[in-house]
Amino acid sequence: MDIKMNYTFDGRLKTVLLVLMGLGAICLAASFFHNPDGYHSRFWSNFLHNSLFFTGIALMSTFFLAVCITAYAGWHVVFKRVWEAFGQFLLIGLILMGIITVGVWLHAHHLYHWTDAASLDPSSDIFDPILKHKSALLNPMMYTILGVGMCAVWLLFHSRLRKFSLAEDKKSDPSDFSAFRKSKVWAAVFLPIAGFTSAGAIWLWLMSVDAHWYSTLFAWYTGASWFVSMICVTILVLLYLKSRGYYEFVNMEHFHDLGKFLFAFSIFWTYLWFSQFMLIWYGNVGEETIYFRERYDNYPVLFYGNLLINFVFPFFVLMRNDTKRKTGTLILVSLVVLFGHWWDFFLMIKPGVVHTAHEAYAHAHEGAHVAIKGMSFPGLLEIGIFIGFLAGFLFFIFSRLTKAPLIAKGDPYIQESLHHHT
Amino acid sequence: MSAPISPVRQPLITGSKTYHQITEDLCSPTERAPNATWVIAFLISVSVLGFGLFCIAWTIWKGIGTWGSNRTIGWAWDITNFVWWIGIGHAGTLISAILLLFRQKWRTGVNRAAEAMTIFAVLCAALFPGIHVGRAWVVFYFFPYPNTRGPLWPNFNSPLLWDLFAISTYFTVSLLFWYTGLVPDFATVRDRAKGIRKKVYTFLAFGWTGAAKHWQRWESLSLVLAGIATPLVLSVHTIVSFDFATSVIPGWHTTIFPPYFVAGAIFSGFAMVQTLMLITRKVLNLQDYITVEHIESMNKVILATGSIVGVAYLTELFIAWYSGYIYEQFAFFNRAVGIYWWSYFGMMACNVISPQFFWNKKLRRSITFTFFMSIFINIGMWFERFVIIATTLARDYLPSSWSFYKPTWVEVGIYLGTMGLFFTLYLIFVRVAPVVAIAEVKSILKAGGDQYVEKHKAHHEKAELEAPAHH
């Protein structure tokens, strides 16, 4: 039996992904030139949206690997190299978020209301005391230090876990588990660090887009969205690799478990969505309800669609036992739900950005209104940019997959994973 | 051997047990006459329960004025105890349902007792709303039954009513789950019993014969119940948190409450499981079934959930500052340095700081240390609810109505009484049912028994270079 232990990133796939990346770049450039407001809001909001989305997927794969190592999980070991490859995208995430950060310093964009100096100036007619209060955290310096610092910490932990995983491949004595033991320590320490930093990153990068608004649950809600997206990409990548003759040991038992995670965490995401929405709706405090009021009134299709696509659809399709074991169904659900969570991020980012852009434009142009495309509903450019980023993510992870054997044969759980049954 | 077992896994059953020894070890506590320790513990529990019943009678006879609650602090010990007990129940459902779905083999050593604990804890919890209404004889007004007074009586918009449904559903499902697991074990006890005991266990075992069809249905039912119980682990404490979070009271109205309450509930529940299991394994000599591995695993869950609770506490503090909302900021300032600062301090020390000792493997595996920690954590989780409830209510929007609460002997007595009820029921339970699930422990013997784990290791070393290792 010939087992493919090493992945070859073939020319055809490279070409397809490069073409799609090119398409994304063209769409991104086109969105740069659609600039009625003068702040390039469409371009920058798309850039932030996709950068955050894919960086989060990379973070969640590293986090989940750490969870699995800590929890003595064995089932995933046969394909853990895929998650390790996802985790390496954190480096690209650092670069992408670095570009946003440079933009903050250069005032190249108006993504964040709190970067506006006039709003923080008590003598200004648009002085905003709430932003002034928050400026101890929401300022370019903290944005840079915390953002880069958190990415660097994630990368550090990722690279240590990767290093120990690779060291296991090379060991000569099968009963030598020293690398595994070291990875357990790093994985366990990463859990609380990831717990705090993921929340911090979400507050800083995402919640501060709606700079006046706050919700204690927001970080966990967004984290759940990232997690579900990560599972979707995992299923799709694994099914693709299998179709190319790799990972013959990854069978329907493993997909069944991934399907269960997709099912369970889609419900968990909905639980957090409901908890946040219901408590704000019930409490009816203006400062809090404004977030949903805006989305309810001006984004009804996205608002209700979010629930249909991310809850109703995966819930009813994946409820049955057999649907989690069928390739076609899994591809469909993963594609739809991945797109659904990208849609969820659209809904988290765009209303805040467009609101800031409208206000800034009106202030500079004596109350005039400006219409910006691609801010209230994803247009073709937005879809193109998403496809471009997705292709870039896949290009990166496939090129990383070639760097190490596909199967971590030295992992102490490898036999359990090879003979996994649910 | 059904499937390979990783060489890094530790045995979950020690002492090279055979199937027959497992039956002997786990059935015998129900077959012997109780020893002196049990009798003394039982007498103490029943006495405390008796005092609790007296205090309840006193409350109903004299009225709710015998409590320390006042116009500002209308909720205090009663609701604190209610939330505390409900929270404790959660570990049982987590162990029986979620760990079953996750195929965690170590759950078999502790699931039976944890499920029993859930049921007894929910009973203790349910007592408090029942007597807090004051007129306990019209407690059926809780339920939306058709009546002649007009439309259905309760307010469906109230989270207190949702709570009623959540808890009664939770109780029902937990009871079914527990009893389903008990059926094959009751049959085992029945097959060994004589006389009147045999008659009783014959009835309890529902005619179980151990046929393949029985096992197949039993497995399916367990899985279905696990599927139903899993959302209940989340929903029950979520709805308890809604009791507070739907209000607009600073410190209560915060969106993180639902998942944070759930994590806290699992945290305190595992602490209570530890307290019970550490005593049970010693008194009933079950160290081979509830091993240090089990204790360490539960300590890890305690560390994880304690840290989640810690992240939630700090999130609340951060958002209180970030929101720029002075009332919210005051609520947290008041918790930390206000009149009840000591309960906040106790909460932080017991819930967030003390579990961090479990990063140390030696402490995680120390029986004595774990026992003290389990008590600390339950004190800490009680303080958490007291902080949320009494501290917040004591300082509301109107300084003129600021007030102070201290419990009366009646409230203390009722609280102690629920402890008495809990331990009385638990002590009866260990006498009438196998405290470790016999059938489930047997199902993992070949994977988790120490004599087999050694064989797996040798097998693994041979298998290591087979399968995917050809290039």
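Below, all heavy atoms of this structure are taken into account, side chains as well, without hydrogens, waters or symmetry copies.
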Close side-chain approach of [X] to [Y], heavy-atom, < 4.5 Å:
{"X": "Tyr282(A)", "Y": "His253(B)", "answer": "no"}
{"X": "Tyr413(A)", "Y": "Arg9(B)", "answer": "yes"}
{"X": "Lys300(B)", "Y": "Tyr72(A)", "answer": "yes"}

Under a 4.5 Å cutoff for heavy-atom pairs, which residue among Met207(A), Glu287(A), His212(A) has the most contacts with chain B?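 If we count pairs closer than 4.5 Å to chain B, Met207(A) comes out on top.
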
Could you check which of Gly74(A), Gly200(A), Gly195(A), Ala188(A) has the highest count of heavy-atom pairs closer than 4.5 Å to chain B?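 Option with the top pair count is Ala188(A).
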
Could you check, using the six-membered ring where one of them is a Trp, whether Tyr322(B) and Trp203(A) have ring centers closer than 6.0 angstrom?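 No, the ring centres sit 6.0 Å or more apart.
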
Side chain, backbone, both or neither: which part of [X] has an atom under 4.5 Å from a heavy atom of chain B?
{"X": "Ile267(A)", "value": "neither"}
{"X": "Ser208(A)", "value": "both"}
{"X": "Trp281(A)", "value": "neither"}
{"X": "Leu137(A)", "value": "both"}

When rounded to the nearest 0.5 angstrom, what distance separates [atom1] in [X] from [atom2] in [Y]?
{"X": "Phe218(A)", "Y": "Thr315(B)", "atom1": "CZ", "atom2": "OG1", "answer": "13.5 Å"}
{"X": "Ile319(B)", "Y": "Ser215(A)", "atom1": "CD1", "atom2": "OG", "answer": "7.0 Å"}
{"X": "Thr246(B)", "Y": "Ile280(A)", "atom1": "OG1", "atom2": "CD1", "answer": "13.0 Å"}

Check: Tyr271(A)/Thr238(B) side-chain N/O donor and acceptor closer than 3.5 Å: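 Judged by distance alone, the side chains do pair up.
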
Please determine whether the number of non-hydrogen atoms from other residues, nucleotides or ligands lying under 6.0 Å from atom CZ of Phe102(B) exceeds 12.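 No, the 6.0 Å shell around CZ holds no more than 12 heavy atoms from other groups.
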
Does Glu316(B) offer a backbone N or O that forms a donor-acceptor pair with the side chain of Thr216(A) under 3.5 Å?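 No: the side chain of Thr216(A) does not pair with the backbone of Glu316(B).
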
Counting distance only, does the side-chain N/O of His133(A) pair as donor-acceptor with the main-chain N or O of Tyr325(B) below 3.5 Å?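 No.
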
Where do Gly283(A) and Val248(B) come nearest, in terms of heavy atoms and distance?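 Minimum heavy-atom contact is O-CG1, 3.2 Å.
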
Under 4.5 Å from a heavy atom of chain A, the part of Trp359(B) involved: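 Just the side chain, heavy atoms under 4.5 Å.
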
Let me know if Leu303(B) has heavy atoms under 4.5 Å from chain A in its side chain, its backbone, both or neither.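 For Leu303(B), there is no contact with chain A at all, as no heavy atom is under 4.5 Å.
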
